[in-house]
Amino acid sequence: MDHTDMGDKLEKILVTNEEIQAKLEDMARQIDADYDGDLLVVGVLKGAVMVMADLVRKIHSPLNMDWMAVSSYGMGTKSSGVVRILKDLDADVTGRHVLIVEDIIDSGLTLAWLKKNLLDRGAQSVRIAAILRKPEAAKVDVQVDYLGFDIPDEFVVGYGLDYAEQFRHLPFVGTLAPHVYGG
């Protein structure tokens with residue numbers, strides 16, 4: 001699926017796939033410079049699947065991968081702020097350097113909670129990589145160590161981001177037309 005398949009559902013493309021891939025190359029270079037192995041990369045399901053897959057293939061340092069599913073959205077378009085663990089890690093984080101990979105940081109509430117949770121479990125360090133951040137939507141200050149793009153506080157889909165489990169597979173990040181989600 002590309003933008004031409006979306007008809008009147010797509011309002012505009014904010015970040016192209018080419019821009020995403022170039023930024024992930026930069027992020028991977030920074031990660032390689034910061035780590036020399038024993039890195040546990042934790043993708044936050046479901047949204048981070050695309051980011052995680054593309055990012056880890058660009059990292060040259062040894063790493064392990066694991067997944068965690070947390071939710072603060074439900075079926076809406078705004079974070080509820082209440083975090084639920086839907087799938088926990090299989091790996092033990094005790095004494096390990098952990099890199100959380102996220103698709104987007106909105107309010108920052110979920111990510112702040114997740115970082116604290118992993119540190120409380122004994123992680124040696126926890127850093128954050130996110131392809132997108134909405135600075136205007138922030139409710140808490142979250143240190144993002146590897147950042148792709150700051151975007152406006154608009155509801156976006158594509159490259160892992162969804163609306164009602166649709167549009168994750170788009171190779172770009174774009175905004176939906178308001179009539180699609182009643183905005």
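Residue numbers run from 1 in the order of the sequence given.
To the nearest 0.5 Å, atoms CG (Asp145) and CE (Met27) are separated by 10.0 Å. Rounded to the nearest 0.5 angstrom, Leu161 CG and Arg168 CZ are separated by 7.5 Å. Going from atom NZ of Lys139 over to atom OG1 of Thr110 covers 10.0 Å, rounded to the nearest 0.5 Å. Residue Leu132 holds its CG atom at 9.0 Å from CG of Asp150, rounded to the nearest 0.5 Å. With rounding to the nearest 0.5 angstrom, the NZ atom of Lys116 is 14.5 Å from the CG atom of Leu111. The distance from the NZ atom of Lys58 to the NZ atom of Lys23 is 13.5 Å, given to the nearest 0.5 Å.
Counted within 6.0 Å of CG on Asp141, heavy atoms from surrounding residues, nucleotides or ligands total 12 or fewer; the atom is thus considered open.
For the pair Lys87 and Leu45, the minimum side-chain heavy-atom distance is below 4.5 Å. Between Val51 and Tyr159 the shortest side-chain heavy-atom distance falls below 4.5 Å. Looking at heavy atoms from C-beta onward, Ile131 lies in side-chain contact with Ile20 at the 4.5 angstrom threshold. Contact of the Leu86 side chain with the Lys46 side chain is not registered, since no non-hydrogen atoms from C-beta on lie closer than 4.5 Å. With a 4.5 Å cut-off on side-chain heavy atoms, Trp113 and Val70 count as touching. Side-chain contact between Glu19 and Phe172 is absent, with no heavy atoms from C-beta onward closer than 4.5 Å. By the 4.5 Å heavy-atom criterion applied to side chains, Ile13 and Val173 are not counted as neighbours. In this structure, Leu89 and Val42 have side chains that are in contact, with non-hydrogen atoms separated by less than 4.5 Å.
Residues Ala123 and Val98 share a closest heavy-atom pair of CB-CG2, 3.9 Å. A pairwise comparison of heavy atoms in Ile105 and Ala130 identifies CD1-CB, 3.7 Å as the closest pair. Annotation for Met68 and Arg121: closest pair CE-NH2, 3.4 Å, computed over non-hydrogen atoms. Between Arg96 and Ala91, the shortest heavy-atom contact is NH1-CB, 4.4 Å. Contact between Ser61 and Tyr35 at its shortest, heavy atoms only, is OG-O, 3.3 Å.
Side-chain atoms of Thr94 never come within 3.5 Å of backbone atoms of Gly122 as a donor-acceptor pair (strictly under, hydrogens ignored). Without hydrogens or angle criteria, Asp32 side chain to His60 main chain gives a donor-acceptor distance under 3.5 Å. With hydrogens and angles ignored, the 3.5 Å screen pairs a side-chain donor or acceptor of Asn17 with a backbone N or O of Pro171. Not one N or O on the side chain of His97 forms a donor-acceptor pair closer than 3.5 Å with the backbone of Arg127. In this structure a side-chain-to-backbone donor-acceptor pair under 3.5 Å is missing from Lys12 to Thr175.
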Walk me through it: do Ile128 and Gln143 pass the test side-chain contact (heavy atoms from CB on, under 4.5 Å)? CA-CA 7 Å; Ile128 297 167; Gln143 162 94 27; 5.9 Å; no
Between Val93 and Leu40, is the side-chain contact (heavy atoms from CB on, under 4.5 Å) condition met? List the steps. CA-CA 8 Å; Val93 299; Leu40 176 62; 3.8 Å; yes
Run the side-chain hydrogen bond (donor to acceptor under 3.5 Å, both in side chains) test on Asp26 and Tyr146 for me, step by step, so that the C-alpha distance in whole Å, both residues' side-chain angles and the decisive distance to 0.1 Å come before the verdict. CA-CA 9 Å; Asp26 292 342; Tyr146 312 99; over 6 Å; no
Please evaluate residues Ile31 and Leu55 with respect to the criterion side-chain contact (heavy atoms from CB on, under 4.5 Å), reporting the C-alpha separation (whole Å), side-chain torsions for both, the decisive distance (0.1 Å), and the verdict. CA-CA 10 Å; Ile31 292 165; Leu55 179 62; 4.1 Å; yes
Going through the checks in order, is the side-chain contact (heavy atoms from CB on, under 4.5 Å) test met by Val44 and Leu114? CA-CA 10 Å; Val44 180; Leu114 183 55; 3.7 Å; yes
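The residue from Glu11, Gln166, Met6 that alone fulfils the side chain to side chain contact (heavy atoms under 4.5 Å, CB included) condition with Leu176 is Met6.
Relative orientation of the Phe155 and Tyr163 rings is perpendicular, given thresholds of 30° and 60° on the angle between their planes.
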